Enquirer: 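Got a structure here, written out as structure tokens. Questions coming.
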Amino acid sequence: MKSLALILVALFCAIALRAQNESPKPQSEENPPPLDPKDMDTSVKPQDDFFMHANGGWIRRTEIPPEYSRWGSFNQLIERNNDALHEIAEKAAKTDVDPKTAPETQKVGDYYASGMDEKAVDAARTKPLEDEFKRVDAIKDRDDLLKEIAHLHTIGVGVLFEFGSGQDAKDSTREISQAVQGGLGLPDRDYYTKTDEASKKLRDQYVDHVTKMLTLLGEPADKAADDAKKIMALETSLAQASRTRVELRDPQKNYNKMAQKDLQALTPDWNWTDYFRGINLVEPGDINVHQPEFFKAANAVFTNISIDDWKSYLRWHLVNAAAPELSNDFVNEDFNFKEGVLRGTKQIKPRWKRVVISTDAAIGEALGKLYVADYFPPEAKARALELVNNLKEALSDRIKTLEWMDEPTKQEALKKLAAMNVKIGYPDKWRNYSLLKIDRGPYVLNALRADNFEVNRDLKKIGKPVDRTEWRMTPPTVNAYYNPNMNEIVFPAGILQPPFFYANADDAINYGGIGAVIGHEMTHGFDDQGRQFDAAGNLRDWWSPESAAKFKERSKAVVQQYSEYEPLPGLHINGELTQGENIADIGGVKVAYAALRKALAKKAQAEKIGGLTPEQRFFLSFATIWKSKQRDEDLKLRLNTDPHSPARYRVDGPLSDIPEFAKAFNLPDNCPMVRPPDKRVNIW
């Protein structure tokens with residue numbers, strides 16, 4: 001269950017960690033130095049594989065914990081963050097408060113307590129969902145079916161398609177209705193359409209999983225197996241009509257604003273007026289139909305599939321969405337497929353951790369308000385803003401000196417950079433959860449009410465001016481993003497901690513860590529997608545034809561470079577899918593390095609630390625934030641679905657394009673870590 005807003009906005013990966021407002025601790029096993037010699041493998045030369053040179057020692061001695069499909073800097077930070085949230089939630093659950101005076105503490109405490117009451121959750125099984133299943137059972141015709149689809153959408157269950165609010169891509173001041181392809185149970189449409197043996201096996205495993213879940217709901221084994229096959233057939237029909245992830249990256253093709261009557265013409269066999277009534281949307285206005293061909297095909301699926309098969313599909317998606325908050329038999333089967341089969345994870349996370357994650361997903365700004373009070377001092381925000389401003393200055397300098405971009409386009413680019421908004425830490429205006437009921441009753445009902453609250457909040461924005469104070473992530477989130485419609489970069493509170501930012505470390509460490517992350521997010525404003533939006537966040541072509549052609553020539557080189565990488569035998573990176581992130585990785589480290597050079601020039605010093613120059617420490621710091629190990633199953637899934645390249649190539653890929661890196665380590669020409677000049681990528 002997730003908000004459509006998170007589907008519509010481009011989210012770009014960074015990393016976050018709990019803040020530390022205590023005094024710096026001495027370096028130790030628990031608090032290692034920014035560059036730990038034990039993590040390196042000096043037997044691997046920098047010119048051969050810098051990722052392994054910087055991280056090989058850590059990789060050699062580290063085992064992936066059984067509850068993870070990959071393990072690295074990201075996950076270590078997530079763990080520390082979870083520990084902080086655990087303390088907050090436990091304290092809230094044990095504190096008797098007046099909801100009127102301490103609403104965040106009450107809601108966090110009650111939500112967490114309801115999830116931790118394992119005995120009550122197991123005893124209840126699916127009883128709290130009885131009314132929901134009765135609604136599905138009562139469907140008699142296609143009018144009833146559409147009403148139930150609308151109802152499930154209001155509780156965050158994405159059946160058949162997705163619907164919600166989002167900025168008008170060509171008028172970023174307004175929120176409008178958005179209709180998007182959806183309705184699948186597997187991670188991506190390609191899982192239904194690929195014909196290789198591994199994909200066929202995975203589809204069989206998915207059918208087995210659906211069968212088991214329906215059996216847990218009380219269906220006889222034979223009927224459950226038959227229903228699972230029919231669900232697979234229905235979802236396959238939707239998948240075949242869906243655009244690929246590469247196709248979904250084109251914002252122009254995803255912009256198809258139309259009146260309700262035109263949308264109705266795409267789906268003559270269901271009545272949109274009835275649907276809007278079902279989701280309590282009084283005036284939908286114009287609707288951006290992201291994939292018109294999908295809705296045309298979905299109309300045929302809606303009409304041709306039997307009512308009984310639709311009931312099975314809806315039942316499945318309801319239990320699939322609710323499974324993490326149900327009894328252990330559902331939780332374990334859900335884990336076995338989604339984590340075990342799809343990602344190779346060996347062991348489920350402890351209950352407290354799963355409940356903390358659910359609390360953050362459900363009422364993240366209530367939890368976040370408590371989090372920042374304890375873990376994010378005001379001075380951290382000021383330090384971050386200083387770094388952002390330094391990176392902006394460095395990117396501005398680079399734009400001004402680009403040899404391939406003409407002057408009118410440069411002026412537009414500089415205008416966009418100057419207008420880029422920065423959000424750090426937490427919202428200026430906290431979300432008001434006063435209308436959301438959270439109590440110590442059934443855990444799953446708290447989750448469903450939270451989803452319903454979020455859906456209603458989202459739908460109420462349609463037709464209104466855009467609220468530019470809103471955040472798409474919660475303050476404790478281990479991530480960061482650039483939003484092209486807002487032209488903003490956003491860094492939740494956790495990001496300003498080791499290994500990204502060290503209060504007492506030298507500039508090289510911090511520019512290689514948080515500086516590269518900031519530069520990455522800034523560069524997203526000028527990647528193959530972000531460059532199509534102007535300073536105000538409107539989808540508008542502000543490029544001269546000549547500069548646009550030269551950009552595309554360079555971006556094709558990025559696609560070609562990364563498409564050559566083969567993380568697993570026979571499996572290459574999808575250079576088209578990862579294009580934007582790779583452009584941001586390359587641009588981010590270049591801009592951060594330029595900012596470091598400016599900072600060092602101002603201080604008139606270039607001292608070695610630990611035998612390493614500032615330049616060497618910068619690149620090592622950059623490499624260490626990506627240290628990780630990954631199970632093959634997880635890597636396969638991410639190669640299909642993740643717009644980011646695997647960690648090793650987020651280090652070796654960008655650095656092999658940067659002459660300053662080769663100079664810092666005195667690398668010979670024609671070595672693996674130095675790309676030939678005619679193949680070297682140079683955009684930002």
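Note that the coordinates shown come from a computational prediction; the quantities given were computed from them, not determined experimentally.
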Enquirer: Quick check with a 6.0 Å cut-off and a 45 degree axis cone: is K416 positioned over the face of F526's six-membered ring?
Expert: yes

Enquirer: Between the main-chain N or O of L637 and the side-chain N or O of T641, is there a donor-acceptor pair closer than 3.5 Å?
Expert: yes

Enquirer: Look up atom CG in L266 and atom CZ in F294, then write down how far apart they are to the nearest 0.5 Å.
Expert: 12.0 Å

Enquirer: I'd like to know if E454 pairs up with R457 as an ion pair, taking the criterion as any Lys NZ or Arg NE/NH1/NH2 lying under 4.0 Å from an Asp or Glu carboxylate oxygen.
Expert: yes

Enquirer: Please report the closest heavy-atom contact between Q291 and Q181, naming both atoms and the distance.
Expert: OE1-N, 2.8 Å

Enquirer: With a 3.5 Å cut-off and no angle check, do the side chains of D308 and S306 form a donor-acceptor pair?
Expert: no

Enquirer: Are the charged groups of R174 and D171 less than 4.0 angstrom apart, N to O?
Expert: no

Enquirer: Does a side chain donor of either T273 or Q260 reach within less than 3.5 Å of an acceptor in the other side chain?
Expert: yes

Enquirer: Main chain of N256, side chain of N288: is a donor-acceptor contact present, judged purely on distance under 3.5 Å?
Expert: yes

Enquirer: Evaluate R203 against Y191 for side-chain contact (heavy atoms from CB on, under 4.5 Å), listing each step before the verdict.
Expert: CA-CA 7 Å; R203 286 195 288 273; Y191 282 84; 5.7 Å; no

Enquirer: Thinking salt bridges, do K423 and E488 make one under a 4.0 Å N-O criterion?
Expert: yes

Enquirer: Within a 6.0 Å radius of atom NZ on K381, are there more than 12 heavy atoms belonging to other residues, nucleotides or ligands?
Expert: yes

Enquirer: Is T523 close to I583 at the side-chain level, that is, under 4.5 Å between some pair of heavy atoms?
Expert: yes

Enquirer: Please tell me if the side chains of I307 and R142 come closer than 4.5 Å, counting only heavy atoms from C-beta onward.
Expert: yes

Enquirer: Just by distance, no angles: are the side chains of N640 and K194 close enough, under 3.5 Å, to form a donor-acceptor pair?
Expert: yes

Enquirer: Can you tell me how far CG of N452 sits from NZ of K437, rounded to the nearest 0.5 angstrom?
Expert: 13.0 Å

Enquirer: Are W316 and Y313 an aromatic pair, judged by ring center distance below 6.0 Å?
Expert: no

Enquirer: Can we say K461 and D467 salt-bridge, meaning some charged N sits less than 4.0 Å from an Asp/Glu carboxylate O?
Expert: no

Enquirer: Give a yes or no on whether the backbone of L216 and the side-chain of R125 come within a donor-acceptor separation of less than 3.5 Å.
Expert: yes

Enquirer: Do D269 side-chain atoms and T303 backbone N/O form a donor-acceptor pair below 3.5 Å?
Expert: no

Enquirer: For residues L318 and L152, report the shortest heavy-atom separation together with the two atoms involved.
Expert: CD1-CD2, 4.2 Å

Enquirer: Do N254 and R243 have side-chain atoms, one donor and one acceptor, less than 3.5 Å apart?
Expert: yes

Enquirer: Rounded to the nearest 0.5 Å, how far does CG of L248 lie from CD of Q529?
Expert: 10.0 Å

Enquirer: May I ask you to decide whether K429 forms a salt bridge with E470, counting only side-chain N to carboxylate O separations under 4.0 Å?
Expert: no

Enquirer: Short question: side chain of T126, backbone of L129 - any donor-acceptor pair under 3.5 Å?
Expert: no

Enquirer: Inspect the contact between D528 and R249 and indicate whether a charged nitrogen and a carboxylate oxygen are less than 4.0 angstrom apart.
Expert: yes

Enquirer: Counting N and O atoms only, with roles assigned by atom type, does the side chain of Q532 sit under 3.5 Å from a partner on the main chain of P484, one being a donor and the other an acceptor?
Expert: no

Enquirer: N81 side chain to P476 main-chain N or O, any donor-acceptor pair under 3.5 Å?
Expert: yes

Enquirer: If we ignore angles and hydrogens, is there a donor and acceptor under 3.5 Å between the side chains of Q240 and T193?
Expert: no

Enquirer: Report the distance from atom CG of N446 to atom CG of D110, rounding to the nearest 0.5 Å.
Expert: 7.5 Å

Enquirer: Return yes if a side-chain donor-acceptor contact under 3.5 Å exists between E132 and H151, otherwise no.
Expert: yes

Enquirer: Applying side chain to side chain donor-acceptor pair (under 3.5 Å) to E581 and H520, what does each step give before you reach the verdict?
Expert: CA-CA 8 Å; E581 295 298 334; H520 173 101; 3.0 Å; yes

Enquirer: Between Q178 (side chain) and Q167 (backbone), is there a donor-acceptor pair under 3.5 Å?
Expert: yes

Enquirer: Would you say the ring centroid of F163 lies under 6.0 angstrom from that of F276?
Expert: yes

Enquirer: State, without any angle test, whether N485 and S172 hold a side-chain donor-acceptor pair at a distance under 3.5 Å.
Expert: no

Enquirer: Under 4.0 Å between a side-chain nitrogen and a carboxylate oxygen: does that hold for D634 and R638?
Expert: yes

Enquirer: Counting heavy atoms not belonging to K338, are there more than 12 under 6.0 Å from its NZ?
Expert: yes

Enquirer: How about F161 and F295: are their ring centroids closer than 6.0 Å?
Expert: yes

Enquirer: Would you indicate whether the side-chain heavy atoms of F302 and L146 approach each other to under 4.5 Å?
Expert: yes

Enquirer: Going by distance alone, is a donor N or O of one side chain under 3.5 Å from an acceptor N or O of the other, for N487 and Y482?
Expert: yes

Enquirer: Could you measure the distance from the OG1 atom of T474 to the CG atom of D360? Nearest 0.5 Å is fine.
Expert: 3.5 Å

Enquirer: Hey, is E148 close enough to K311 for a salt bridge, meaning N to O under 4.0 Å?
Expert: no

Enquirer: Tell me whether K464 contacts the main-chain N or O of K460 through its side chain, where contact means a donor paired with an acceptor under 3.5 Å.
Expert: yes

Enquirer: Step through it carefully: locate the ring centre of H524, locate the ring centre of Y481, and say whether they are under 6.0 Å apart.
Expert: no

Enquirer: Would one find more than 12 heavy atoms of other residues, nucleotides or ligands at under 6.0 Å from atom CG of D428?
Expert: no

Enquirer: Under 6.0 Å between ring centres: does that hold for Y371 and Y426?
Expert: no

Enquirer: What are the two closest heavy atoms between P284 and S177, and how far apart are they?
Expert: O-OG, 2.8 Å

Enquirer: If the threshold is 4.0 Å, N to carboxylate O, is there a salt bridge linking K369 and E104?
Expert: yes

Enquirer: Using modelled atom types and a 3.5 Å cut-off, is there a donor and acceptor pairing between side-chain atoms of D144 and backbone atoms of K140?
Expert: yes

Enquirer: Ring pair (Phe, Tyr, Trp, His ring centres under 6.0 Å) between Y111 and Y443: does it pass, once the steps are laid out?
Expert: CA-CA 7 Å; Y111 191 100; Y443 180 35; 5.8 Å; yes

Enquirer: State whether a side-chain donor-acceptor pair under 3.5 Å links Y275 with H153.
Expert: yes

Enquirer: Taking 4.0 angstrom as the limit, do D274 and K147 come out as a salt bridge?
Expert: no

Enquirer: Which heavy-atom pair separates M213 from A323 by the least distance, and what is that distance?
Expert: CE-CB, 3.7 Å

Enquirer: Quick check for you: to the nearest 0.5 Å, what is the distance between S555 atom OG and R531 atom CZ?
Expert: 7.5 Å

Enquirer: What I want to find out is whether D534 reaches K415 closely enough, with some N-O distance under 4.0 Å, to be called a salt bridge.
Expert: no

